[in-house]
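First the proteins, then the strands, lettered A, B, ... as listed; each starts at 1. No experiment lies behind these values; they were computed from the predicted model shown.
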There are 2 protein chains.
Amino acid sequence: MALDEIDKKILRLLQEDAHYTLKDIANKINLSLTPVHDRVKRLEKDGIIEKYVTILDKKKLGNNLTVYCQVTLTKQTYDTSEGFNQSILNLPEVVECNYVSGNFDYMLKIIIPDMESYHHFHQKKLSVLPEVSLINTVFVISEVKSTTVLPI
Amino acid sequence: MALDEIDKKILRLLQEDAHYTLKDIANKINLSLTPVHDRVKRLEKDGIIEKYVTILDKKKLGNNLTVYCQVTLTKQTYDTSEGFNQSILNLPEVVECNYVSGNFDYMLKIIIPDMESYHHFHQKKLSVLPEVSLINTVFVISEVKSTTVLPI
DNA sequence: TTTCAAAACAGAATATTTTTCTGTAAAATT
DNA sequence: AATTTTACAGAAAAATATTCTGTTTTGAAA
């Protein structure tokens, strides 16, 4: 479970590019294939490595609008929260949803084609949820940084 | 550049798991290896597929705290923005940074070990930037959803 | 419609990569 | 000091990606 410096080097490389081969990694950290293979398998088994995914270009897929929705629920009960959570999991436009502290209850990140789609999403999918009381929308004007890389 | 239904099926699969083999994909969509291979290569070349990355378990890496920082700059000029942007790119704890509309200028997402680290980050790394005037912190209490999958 | 060129696909051969196997050296435990 | 465990190297085997050849389909132009 404890990560040594070699594990960390492997993780740093794989975070950057999941398509590095074992040979690539072995060369970069001066080891043979075997230890690299064994370590990656261990990191997968221990769940340190969660999954390998493909990142697509959202704009090339027609998603030109990103917004944060700050949502306040009607009640702060467990059942209300759970109902809201379940609904959110079924909305593919919602790529992040976090229960938060402060003047509202949830922070959502929405990725969507354009303002018209957002209007539809807001009116027909989000505000109609019985648990939702208030929605404050923050529009993203320009993306400065977006990474899946965690500091190790 | 235009995506047909087969391209979309491939992208949906690869978004889920970048380690699906061509054979896996070919089987799932009833095609031979060749067209799957050719299409993936085209999608990479066209930049629809941006990159393949590895997602790590942030908690198992000791990052138990996620926060949103709502940052207001001292001035809304181009130079101020650019200076801030550059500084942010060098902060590995900042995994998202967006210039936004509303009562503040930037929405940041920070992933960090604990409250003490956040205190340090806030005092020594963020508030010390000459462009920063105001920081409002929103703490994540519980993560409901977090995905790299875009709707296709 | 007919012809032609281009695109999409299948199957096989080849190259590369992953996985497994065997054995050795180093480290930790008893 | 002896023994077990862990980490590693190298080679063999299996699986996968890539390339090649040729066929079918599609779309455009005559």
Side-chain angles (χ1 to χ4, degrees), chain A residues 1-63 113 147-152, chain B residues 1-63 113 147-152:
Chain A
M1 186 73 194
L3 304 175
D4 65 13
E5 201 46 49
I6 297 177
D7 290 327
K8 291 179 185 176
K9 281 183 186 171
I10 293 174
L11 291 175
R12 283 191 207 108
L13 289 168
L14 285 177
Q15 277 198 113
E16 271 182 37
D17 186 351
H19 271 14
Y20 278 137
T21 65
L22 295 177
K23 200 171 152 191
D24 290 336
I25 298 171
N27 287 339
K28 283 176 193 285
I29 66 177
N30 290 315
L31 273 177
S32 69
L33 290 180
T34 312
V36 176
H37 179 265
D38 291 353
R39 282 166 181 270
V40 170
K41 288 303 152 192
R42 176 172 53 78
L43 293 165
E44 288 174 354
K45 184 181 142 290
D46 290 351
I48 311 268
I49 292 178
E50 213 171 272
K51 56 187 170 180
Y52 302 97
V53 304
T54 303
I55 304 295
L56 307 182
D57 186 315
K58 57 173 177 287
K59 292 199 174 169
K60 289 188 175 161
L61 289 173
N63 294 120
T147 182
T148 54
V149 174
L150 302 176
I152 297 179
Chain B
M1 186 71 195
L3 304 175
D4 64 13
E5 201 46 49
I6 297 177
D7 291 327
K8 291 179 185 176
K9 281 182 186 171
I10 293 174
L11 292 175
R12 281 193 277 262
L13 289 168
L14 285 178
Q15 277 198 114
E16 272 182 35
D17 187 350
H19 271 14
Y20 277 137
T21 65
L22 295 178
K23 200 172 154 192
D24 290 337
I25 298 172
N27 287 339
K28 284 175 192 285
I29 66 178
N30 290 317
L31 273 176
S32 69
L33 290 179
T34 313
V36 176
H37 180 263
D38 290 353
R39 282 167 182 270
V40 171
K41 288 301 152 193
R42 176 171 54 76
L43 292 166
E44 288 174 355
K45 186 181 139 290
D46 291 351
I48 312 268
I49 292 178
E50 215 170 88
K51 56 187 170 182
Y52 303 97
V53 304
T54 302
I55 304 295
L56 307 183
D57 185 316
K58 57 173 175 289
K59 291 200 175 169
K60 289 189 176 161
L61 289 173
N63 295 121
T147 183
T148 55
V149 174
L150 302 175
I152 298 181

Participant: Could you tell me which residues satisfy salt bridge (Lys or Arg N to Asp or Glu O under 4.0 Å) with A/K51, sequence neighbours excluded, listed by chain and number?
Facilitator: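 If we apply the salt bridge (Lys or Arg N to Asp or Glu O under 4.0 Å) test to A/K51, skipping adjacent residues, there are no hits.
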Participant: A/T21 near the nucleic acid: base, sugar-phosphate alone, or nothing, with a heavy-atom cut-off under 4.0 Å?
Facilitator: sugar-phosphate
Participant: Looking only at side-chain N and O atoms, does A/R42 come under 4.0 Å of OP1 or OP2 in D/dT6?
Facilitator: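 Checking D/dT6 against A/R42, no side-chain N or O comes under 4.0 Å of OP1 or OP2.
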Participant: Would you tabulate the nitrogen or oxygen pairs shorter than 3.5 Å linking the protein to nucleotides 23-29 of chain C?
Facilitator:
none

Participant: If the helix axis at each end comes from five base pairs, how far does the helix from C/dT1-D/dA30 to C/dT30-D/dA1 deviate from straight, to 10°?
Facilitator: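 For the helix from C/dT1-D/dA30 to C/dT30-D/dA1, the axes at opposite ends meet at about 40°.
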Participant: Return the value, rounded to whole Å, for the distance between atom CG of A/N27 and atom P of D/dA9.
Facilitator: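 Rounded to whole Å, this separation is 12 Å.
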Participant: Using salt bridge (Lys or Arg N to Asp or Glu O under 4.0 Å) as the criterion, list what pairs up with A/E16, not counting sequence neighbours.
Facilitator: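 Here no residue qualifies.
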Participant: Give the rounded distance in Å between these two atoms: OH of B/Y20 and C1' of D/dA17.
Facilitator: 19 Å
Participant: A side-chain contact here means heavy atoms from C-beta on lying under 4.5 Å apart; do B/D46 and A/D57 qualify?
Facilitator: no
Participant: How close or far is atom P of C/dT17 from atom NZ of B/K23, stated in whole angstroms?
Facilitator: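 Spelled out: NZ on B/K23 to P on C/dT17 is 19 Å.
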Participant: Would you please name every residue forming a side chain to side chain donor-acceptor pair (under 3.5 Å) with A/E50, sequence neighbours left out?
Facilitator: none
Participant: Does A/Y20 have any ring pair (Phe, Tyr, Trp, His ring centres under 6.0 Å) partners at least two apart in sequence or in another chain, and if so, which?
Facilitator: none
Participant: Measuring only between side-chain heavy atoms, which start at C-beta, is B/L14 closer than 4.5 Å to B/I25?
Facilitator: yes
Participant: A/K23: which residues meet the salt bridge (Lys or Arg N to Asp or Glu O under 4.0 Å) condition with it, sequence neighbours left out?
Facilitator: none
Participant: Rounding to an integer number of Å, can you tell me how far A/E5 CD sits from D/dA7 C1'?
Facilitator: 17 Å
Participant: Nearest whole Å is fine: how far is C/dA8 P from B/D4 CG?
Facilitator: 8 Å
Participant: Which nucleotide, D/dA9, C/dA10, C/dT17, lies nearest any side-chain atom of A/L31?
Facilitator: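 Of all the options, the side chain of A/L31 is nearest to D/dA9.
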Participant: Without decimals, in angstroms, what is the distance between B/R39 CZ and C/dA7 P?
Facilitator: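 Interatomic distance, CZ of B/R39 to P of C/dA7: 13 Å.
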Participant: Answer whether the closest heavy-atom distance between the side chains of A/L150 and A/L11 falls below 4.5 Å.
Facilitator: no
Participant: Just to verify, what does B/T21 make a side chain to side chain donor-acceptor pair (under 3.5 Å) with, not counting sequence neighbours?
Facilitator: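 B/D24.
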Participant: What's the CD1-P distance between B/I25 and D/dT16, to the nearest Å?
Facilitator: 12 Å
Participant: What contact category does A/I6 fall into here, base, sugar-phosphate, or nothing, at under 4.0 angstrom with non-hydrogen atoms?
Facilitator: sugar-phosphate
Participant: Salt bridge (Lys or Arg N to Asp or Glu O under 4.0 Å) with A/R39: which residues, sequence neighbours excluded?
Facilitator: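 So A/R39 forms a salt bridge (Lys or Arg N to Asp or Glu O under 4.0 Å) with A/D4, A/D7.
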Participant: Not counting sequence neighbours, which residues clear side chain to side chain donor-acceptor pair (under 3.5 Å) with A/N63? List them please.
Facilitator: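 A/N63 satisfies side chain to side chain donor-acceptor pair (under 3.5 Å) with no other residue.
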Participant: What residues, two or more places apart in sequence or in another chain, satisfy side chain to side chain donor-acceptor pair (under 3.5 Å) together with A/N30?
Facilitator: none
Participant: In whole angstrom, what separates A/Y52's OH from C/dT18's P?
Facilitator: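 Atom OH in A/Y52 sits about 10 Å away from atom P in C/dT18.
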Participant: Tabulate protein N/O versus nucleotide N/O from nucleotides 18-24 of chain D, keeping only pairs under 3.5 Å, one per line.
Facilitator:
| residue | atom | partner | partner atom | Å |
| --- | --- | --- | --- | --- |
| D/dT18 | OP2 | B/H37 | NE2 | 3.3 |

